[in-house]
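What follows is one structure encoded as structure tokens, with my remarks underneath.
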Amino acid sequence: TGGHTTEILRLLSCLSESYSPRHYVLAESDKMSEAKIRSFEQKRAETFSESQFSLDRIPRSREVRQSWVSSVLTTLYSILYSLPLTYKRKPDLILCNGPGTCVPVCLSAFLLGLLRIKRTIIVYVESICRVETLSLSGKILYYFSDYFIVQWPDLKKKYPKSVYLGRIV
């Protein structure tokens with residue numbers, strides 16, 4: 001909610017205007033991130049007058065302290081909810097950094113690619129706070145992402161598919 005949003009907005013601040021429009025996907029229960037995104041986009045519009053973005057909400061795939069058994073069901077529900085959204089937006093690129101909300105969106109996009117509806121590049125950036133182990137989202141998306149970026153050299157050693165670029169946020 002707070003930290004992941006701050007990290008992704010730092011990454012987005014480095015991107016050119018050619019990455020437009022931007023579609024943000026938030027958990028339904030996430031109130032803090034929407035304000036951060038709107039503030040970021042308002043500042044971005046001062047530099048790029050043609051700046052376009054949208055906000056979409058999906059059910060949270062897993063709540064904090066939710067049991068693993070029930071989280072399987074809520075994640076499946078979130079994936080089913082994400083499929084029409086991903087089909088509608090047909091993104092060229094998904095840039096995500098770890099909140100559970102990114103897993104259903106990425107899996108939906110991956111499925112659309114398998115069905116040859118739309119091929120989406122998935123770039124996952126593991127959070128800077130993950131020094132020795134991957135987050136649960138990272139452990140899942142390691143296998144589905146096109147680019148898996150870590151910010152610590154020890155993670156690169158443990159996960160050979162990953163790309164180590166140093167600390168990028």
Side-chain angles (χ1 to χ4, degrees), residues 1 3-12 14-15 19 21-28 30 33 37 54-64 66-169:
T1 296
H4 289 296
T5 302
T6 300
E7 285 185 7
I8 203 75
L9 292 177
R10 284 185 187 154
L11 286 171
L12 289 176
C14 300
L15 296 180
Y19 291 93
R22 287 164 304 286
H23 304 288
Y24 297 92
V25 180
L26 313 169
E28 284 176 336
D30 184 351
S33 294
I37 291 165
S54 66
L55 292 167
D56 293 299
R57 294 187 176 274
I58 64 170
R60 190 177 290 273
S61 57
R62 184 172 184 268
E63 296 288 346
V64 176
Q66 182 179 351
S67 75
W68 293 108
V69 174
S70 67
S71 69
V72 170
L73 296 175
T74 55
T75 300
L76 286 173
Y77 175 69
S78 193
I79 291 169
L80 291 174
Y81 195 94
S82 297
L83 273 168
L85 173 63
T86 309
Y87 180 79
K88 175 185 167 186
R89 297 291 185 200
K90 290 187 177 71
D92 295 317
L93 170 75
I94 294 177
L95 177 63
C96 56
N97 68 327
T101 306
C102 71
V103 173
V105 174
C106 290
L107 293 180
S108 297
F110 185 78
L111 180 60
L112 291 179
L114 288 178
L115 296 173
R116 298 186 187 265
I117 294 170
K118 171 65 176 164
R119 169 78 171 100
T120 301
I121 296 170
I122 299 171
V123 178
Y124 181 86
V125 180
E126 185 62 271
S127 176
I128 194 161
C129 67
R130 303 307 298 205
V131 177
E132 296 179 8
T133 61
L134 298 179
S135 63
L136 179 57
S137 297
K139 289 175 183 173
I140 295 168
L141 293 177
Y142 180 76
Y143 300 99
F144 297 96
S145 61
D146 296 287
Y147 300 96
F148 191 92
I149 300 169
V150 295
Q151 300 185 62
W152 295 95
D154 285 351
L155 286 177
K156 170 62 181 160
K157 291 175 192 166
K158 289 181 183 177
Y159 300 93
K161 175 191 166 191
S162 67
V163 177
Y164 171 66
L165 299 174
R167 291 174 195 93
I168 60 175
V169 295

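No hydrogens, no waters, no symmetry mates; every other heavy atom, side chains included, goes into these values.
The closest side-chain heavy-atom distance from L134 to K158 is not below 4.5 Å. Side chains of R167 and W152 form a contact here, defined as non-hydrogen atoms less than 4.5 Å apart. Side-chain contact check for R60 versus T74: every heavy-atom pair is 4.5 Å or farther apart. Here the side chains of F144 and C106 are not in contact, with every heavy-atom distance at 4.5 Å or above. Counting heavy atoms from C-beta outward, I122 and L141 have side chains that stay 4.5 Å or more apart. In this structure, L26 and L55 have side chains that are in contact, with non-hydrogen atoms separated by less than 4.5 Å.
For the residue pair S127 and E7, the shortest heavy atom distance occurs at OG-OE2, 3.0 Å. Summarising the geometry of D146 relative to R119, their closest heavy-atom pair is OD1-NH2, 2.6 Å, with the distance given to 0.1 Å. Taking each heavy atom of R89 and S54 in turn, the nearest pair found is NH2-OG, 3.4 Å.
Taking OG of S33 as the reference point, atom CD1 of I8 lies at 11.0 Å (rounded to 0.5 Å). For the atom pair CG (L12) and OH (Y24), the distance works out to 5.0 Å, reported to the nearest 0.5 Å. Expressed to the nearest 0.5 Å, how far OG of S71 lies from CG of L136 amounts to 7.5 Å. We find the CG-OG distance between L107 and S61 to be 9.5 Å, quoted to the nearest 0.5 Å. Note that NZ of K156 and NZ of K161 are 11.0 Å apart. Values are rounded to the nearest 0.5 Å.
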I'd like a table of donor-acceptor pairs (distance under 3.5 Å, sequence neighbours excluded) in which one partner is a side-chain atom from residues 79-86, with atom names and distances.
unit_1 : atom_1 : unit_2 : atom_2 : d
S82    : OG     : S78    : O      : 2.8
T86    : OG1    : S82    : O      : 2.9

Taking distance alone, no hydrogens or angles, what donor-acceptor pairs closer than 3.5 Å link side-chain atoms of residues 92-104 to residues at least two apart or in another chain?
unit_1 : atom_1 : unit_2 : atom_2 : d
D92    : OD1    : K118   : NZ     : 2.6
N97    : ND2    : H4     : O      : 2.8

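Of the possible polar contacts, none joining the E126 side chain to the F148 backbone as a donor-acceptor pair under 3.5 Å is found.
Within a 6.0 Å sphere centred on OH of Y87, heavy atoms belonging to other residues, nucleotides or ligands number 12 at most.
Residues satisfying the salt bridge (Lys or Arg N to Asp or Glu O under 4.0 Å) criterion with R130, sequence neighbours excluded, are absent altogether. Evaluation of the salt bridge (Lys or Arg N to Asp or Glu O under 4.0 Å) rule for R10 yields no partner, not counting sequence neighbours. Legend: residues meeting salt bridge (Lys or Arg N to Asp or Glu O under 4.0 Å) with K157, ordered by chain and number and at least two apart, are D154. Residues passing the side chain to side chain contact (heavy atoms under 4.5 Å, CB included) test with K88, sequence neighbours excluded: none.
One side chain, S135 or Y124, offers a donor N or O that lies under 3.5 Å from an acceptor on the other.
Between Y142 and Y159, the distance separating the two ring centers is shorter than 6.0 angstrom.
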